[in-house]
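Not measured: the values here are computed from a predicted model.
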Amino acid sequence: MDHGTERDTSHGRPAGRGAPPPDPVTGRVPLAVVVVDRDGLVSHWSSGARRLFRLPRQEAVGRPAPDLLPVSGVLPGTADDDAAYDAYADYDGLGPGLESSLDGRLSYPAAGRARLTVPAARRVDVLWWAYPLVGPGPERLLVLAADAEGLRGDRADGGAGAASAERIAPGFALHTDFPGAEELARRLPEILPSMSVGESARIVVQVLELGYPVLEFSQSDRVPVTPDWGVPRRAERKARRERAARALAAGEPVPDDLRDEAEDAEDLEYAAVRERLEFLNEVSGRIGTSLDLARTIGEVSRAVVPRFTDVAGTYLREQVVAGEGFPDGVPDTTTMWHRVALEHTDEPGRWDDVVPVGEAMPFPAHTPFFQCMTSGEPVLVPRVTEEMGHAVASQFEKRDIRPLITGRSMLLVPLKARQVVLGFMILLRHPERPVFNDMDRVTGAELASRAGLVLDNARMYTYQENVAETLQDSMLPHIPDRMAGCDIATRYLPGTLLGRVGGDWFDAVKLPGARTALVVGDVMGHGLNSAAMMGQLRTAVQTMAGLDLPPAQLLRKLDDLAQRLGDTHLATCLYAVYDPVAGELHLANAGHIPPVLVRAADGGSELIDLPTGAPIGVGGVPFESVRVPVEPGDRLVMCTDGLVEMRGEDIGVGLATLCESAAHPAASMDDACDTVIRALGARGGRKDDVALLMTRLRGVEPDAVAEWRLALDPAEAGRARAAVREQLHDWGLGKQAAAAELLVGELVTNALRHSRTRPVVLRLVRADTLLCEVDDDDHELPALKAAGPLDEAGRGLRVVSTLAREWGASRTRTGKTVWCELALPRR
């Protein structure tokens, strides 16, 4: 027997180099492994079973299990009959539990100690565990057994004696010669009911690494089922069972009172097991009804009160509450635990001030809470003593928690997933209620295991939602409230279904000539893929808008791009260019719902009639554009179909509501957006995400635009500077004249140098900024260059870049436009 001098596998670390010294009751003994199939026949008989029961494998496999593991307290009628009963009086009567497991009458894990009769009249004092195998496959029962003599020892202090070993942990490995052993090992977490994930994972590691069966025993470990060591039986019940056994052995009739007691005990056992299974099934049905983390937390707490406990407090790690990634590392004394739920049967408000929900706190190392969170195993405190109550209360500053916990029975169960403790539950029972026992500990562990998985599913969903929403938010633009000749307001609403992150987007892009491109699009589908596709299309639209492509041509190239991306996603897109100087909208549509135009003159609203077109990604479909005249004060409303579509309702109803709500008077653009959202959201049933872009078309007054045509003569640069100076003084912008002259001089000089045949056009537009534009017939765009001390060219654009608020250049059908902006004083 190995007493753990090299490694204590129950803790998974070497027993030296800083590890605590091994417990005196810690070690390994050989373990017999027997698998019983659904016909009650032995399908696997390990070499450990051969050594323990003195029966070769070839004689055991295929035989009925009860024949090979017959249960009998002692051999009746022998001389040592009474002595044997005296020697094993502290654990007699456990044999029938194994017999019930072998016969298939028990559907839950069981364990105990018994004397088995083996060939050659040898009686073996064994510890045994029986785990029903509930997964697929022919196996029905896994029986583990070990010779109790290996734990007895001869030391005077009891050492590893049976009476002192209160906790036994079977950590075993199946022989590789067992067909399907490795697969059985991997399935242990799912086929062994009530086994904690942590314990079964440790067993799997030993199955795959050690290659031989062992029994580990330790005073510090707990497992789902533990052999009942030294639990005294009442003398009267013990005597009754002895008399019944002797009567049966002698062929005499068993008295009715003895038979009734046995039947009553069996009925109580079945009733207790049935109640436990019903409770677990009920709890499983009540938790995890959604993937909302907050709702799941509440379900877990309410599921156990009052049937299982009177008080249930749930604590989660900070990362779990925040919906972040999986918590790293083992919790320590600095780990912050958030109290996320508290359910109780006490009078209302009794707990609220002392332990309010939402509080975060660490737990010291000496507390049972710390033991639970670091070991990942349940901690049972039959009664909270005055001393323990005082120790716990010391963590709560200026609050006395002792009256709430002292004298109560306490069970701490960890909420685990994938070997990481996400949180734990504190369960308390009133003093007048029976204390938590080992069966409650098993039930609590199973409950916590299921709750941990449900919470982890909700946490992962929340985390993925946060990632997707962050991705989408990063892709949605931050559009200024005012652009050249227009005011803009936007809204984005995520969907209300699972996978609510979608591909809806909006954008506004500054164009030459004080124009603005307005875009709304919708990638079909939801989730990260749709959001990523949306980001690609939005970037492409921004790039092509910067090239000043006409709307229909832009959609044509966007469709070509979608084809090259090779994705199966389709997208709709509405693209409009607003020219505040000309007072018109230039629009093209790719399968999108039409925009609404609200007329300032009469307050009426209408859907703009334009060709619908095919969605982006269909390929090979032409797009058409239309021009619509607009007046200052008109409003353009563009949105995605999630705002107007409802299942079971014609989209025309939603579009009519959109027109009506968009025409409603509003004090501001934000108020106008909110009015539309309220009107269409009030109908209920919205499931898709929504993008809304509303623009007030303010226009540019004719006297705020000045234009000059300049001949291809270098002297025209001076005339341009003089004209700009004079115009700015007329507009009352004399303070901006010096900077504007310098900028215009650089741009006009450059244009005159590169223009070929057509005159250079200079235009000033006074809007929210002072816009200076110079058009020529050269298609080559200018670029900043690093000019050396002796270089004659390359400095002009550096001057423009330094003095201008913004500057840019774009190609036109006849050449290019270079523009720059100067900030104007607020009016």
Does some side-chain heavy atom of [Y] sit less than 4.5 Å from a side-chain heavy atom of [X]?
X: Thr314; Y: Met425; value: yes
X: Pro378; Y: Cys372; value: no
X: Val305; Y: Thr345; value: yes
X: Lys416; Y: Glu377; value: yes
X: Glu343; Y: Arg302; value: yes
X: Leu427; Y: Val304; value: yes

Measure across [X] and [Y] and return the closest heavy-atom pair with its distance rounded to 0.1 Å.
X: Ser43; Y: Val61; result: O-CG1, 4.2 Å
X: Pro368; Y: Met410; result: CG-CE, 4.0 Å
X: Val34; Y: Ala49; result: CG2-CB, 4.1 Å

For the atom pair [atom1] ([X]) and [atom2] ([Y]), what is the distance rounded to the nearest 0.5 Å?
X: Arg50; Y: Gln58; atom1: CZ; atom2: CD; answer: 9.0 Å
X: Phe370; Y: Leu412; atom1: CZ; atom2: CG; answer: 13.5 Å
X: His430; Y: Thr309; atom1: NE2; atom2: OG1; answer: 8.5 Å

Taking the side chain from [X] and the backbone from [Y], do they hold a donor-acceptor pair closer than 3.5 Å?
X: Arg433; Y: Arg408; answer: no
X: Arg317; Y: Val421; answer: yes
X: Thr443; Y: Met439; answer: yes
X: Ser409; Y: Pro382; answer: yes

Checklist entry - So, do Trp337 and Phe369 have ring centers that fall under 6.0 Å from each other? => result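 No.
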
Item to check | Criterion ring pair (Phe, Tyr, Trp, His ring centres under 6.0 Å) on Phe436 and Phe308, from CA distance to verdict | outcome: CA-CA 9 Å; Phe436 288 112; Phe308 185 69; 5.7 Å; yes

Next on the checklist: If the condition is side-chain hydrogen bond (donor to acceptor under 3.5 Å, both in side chains), which residues does Asp440 pass it with, not counting sequence neighbours?
Outcome noted: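 In terms of side-chain hydrogen bond (donor to acceptor under 3.5 Å, both in side chains), with neighbours along the sequence ignored, Asp440 is linked to Arg429.
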
